[in-house]
Amino acid sequence: MREGYVIKSAQSAASVEELRQIGRYTRREFSPEELYVFSVVLCDNEIDRDFERFTIPALHRLGELFLGKTGLFDHSMKSGDQTARIFSTHVETDPQKTTQAGEPYTRLVARAYLPKTEKNADLILELESGIKKEVSVGCAVGKSTCSVCGADRVKQACGHVKGRSYGSEGREKICCTVLDQPADAYEWSFVAVPAQRAAGVIKAFRPGKEETEFMEEIRKSLRAGEQITLTAAQTGELEKHLEQLEALAESGRQYRESVSKNVVRLCALGKTGIPAEVMGRAAQSMPLEDLLSLEKALKRQAEGILPLRPQLMPEHPEAADSGNDMFRI
């Protein structure tokens with residue numbers, strides 16, 4: 001029996017695409033308000049407390065096998081203990097994190113739903129508060145091998161003990177059973193003590209929201225120190241938003257640079273006695289609001305000494321109407 005954990009289920013209404021996926025398992029159409037949807041990490045490729053681990057290909061295969069599987073309590077196998085059903089799965093890899101076996105950390109994440117009923121109200125509250133969090137999965141695999149020598153642990157005893165370290169000093173590796181070639185996935189259950197140590201909380205962000213609302217959710221989660229997970233589409237949205245922010249930042253930088261140069265120029269025209277390099281350094285460190293106020297003040301001072309008029313401004317207003325070429329050159 002393999003065990004995993006649930007990632008914090010943040011309440012959200014199902015998106016249009018999720019309703020379509022859920023519709024494969026329901027007998028009628030449901031509205032987003034009728035369903036509670038949450039994310040569950042079923043298993044990963046890290047060595048667990050039982051000194052077992054899945055291969056990455058096994059996680060992909062389990063993703064297929066767990067579609068439509070129901071959630072239970074403590075593997076009771078009773079229909080009355082059914083809680084939720086998985087309607088989509090995907091495999092995530094964190095290239096910045098490495099497992100004890102030296103692989104990029106990879107996990108199988110599922111989306112599950114249950115109806116918002118009076119009966120389920122307490123369970124939903126427990127999911128929201130993080131009380132119901134850990135889960136384990138029941139599945140069958142076709143291949144169980146020793147991580148040290150590759151022997152089939154079902155057919156023979158190789159002598160290597162799970163949990164012990166083997167190899168030369170400095171290059172030791174923990175012996176574990178490598179699980180591969182999944183043949184079936186039975187169910188997943190809420191349990192009190194999971195085998196996998198990486199139990200934790202993440203937040204799944206529903207696609208289709210307004211960009212400002214989507215980004216605000218991410219900011220709130222980051223401020224709270226929560227781990228977050230985004231789909232490929234949501235990652236694309238975030239990258240697009242960051243590109244827009246970078247473009248705006250560049251425009252702002254260019255505008256500030258223009259104001260700074262003008263302040264240095266006006267400082268010289270106003271005969272303030274402040275060296276240009278000193279004013280330049282001060283302008284670079286000054287908040288933009290203060291910089292604009294200084295520019296305005298220096299402009300007034302400079303105009304009092306040398307009127308700042310356009311080069312071709314008419315000498316008198318009536319000159320523009322008379323057609324005379326009386327311009328200040």
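Heavy-atom basis, side chains included; hydrogens, waters and symmetry copies ignored.
- The aromatic rings of F87 and Y113 are tilted relative to each other, their planes meeting at an angle between 30° and 60°.
- Closest approach of V135 to V40, counting heavy atoms only: CG2-CG1, 3.9 Å.
- Heavy atoms from other residues, nucleotides or ligands lying under 6.0 Å from CZ of R24 number more than 12.
- Interatomic distance, E103 CD to I47 CD1, rounded to the nearest 0.5 Å: 9.5 Å.
- Between R28 and E34, at least one side-chain nitrogen of the basic residue sits less than 4.0 Å from a carboxylate oxygen of the acidic one, meeting the salt-bridge criterion.
- The environment of E289 atom CD is sparse: at most 12 non-hydrogen atoms of other residues, nucleotides or ligands sit within 6.0 angstrom.
- For the residue pair S88 and R111, no side-chain donor N or O sits within less than 3.5 Å of a side-chain acceptor on the partner.
- A cation-pi arrangement, defined by a distance under 6.0 Å to the six-membered ring centre and an angle within 45 degrees of its axis, is absent between K162 and F51.
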Next on the checklist: Does F190 form a ring-ring contact (aromatic ring centres under 6.0 Å, His included) with W188? I'd like the steps, not just the answer.
Outcome noted: CA-CA 7 Å; F190 289 102; W188 53 283; 5.8 Å; yes
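- Atom CD of E29 is surrounded by 12 or fewer heavy atoms from other residues, nucleotides or ligands within 6.0 Å.
- Clustering ILVMFWY residues whenever any of their side-chain heavy atoms sit less than 4.5 angstrom apart, transitively, puts L125 in a cluster other than the one holding I131.
- Salt bridge annotation for E187-K69: absent, with no cationic side-chain nitrogen under 4.0 angstrom from a carboxylate oxygen.
- Taken together through direct or relayed side-chain contacts under 4.5 Å among Ile, Leu, Val, Met, Phe, Trp and Tyr, F73 and F66 form part of one hydrophobic cluster.
- Of the N and O atoms on the side chains of T55 and D180, at least one donor lies less than 3.5 Å from an acceptor on the other residue.
- Under the 3.5 Å distance criterion, with hydrogens and angles disregarded, no donor-acceptor pair is assigned to the side chains of E257 and S260.
- Side-chain polar atoms of Y105 and D44 form a donor-acceptor pair below 3.5 angstrom.
- A salt bridge is absent between E126 and K133; no separation between the charged side-chain nitrogens and carboxylate oxygens falls under 4.0 Å.
- Between T177 and R153, the side chains place a donor N or O and an acceptor N or O closer than 3.5 Å (distance only, hydrogens not considered).
- Across all non-hydrogen atoms, the minimal contact from S136 to V191 is OG-CG1, 3.5 Å.
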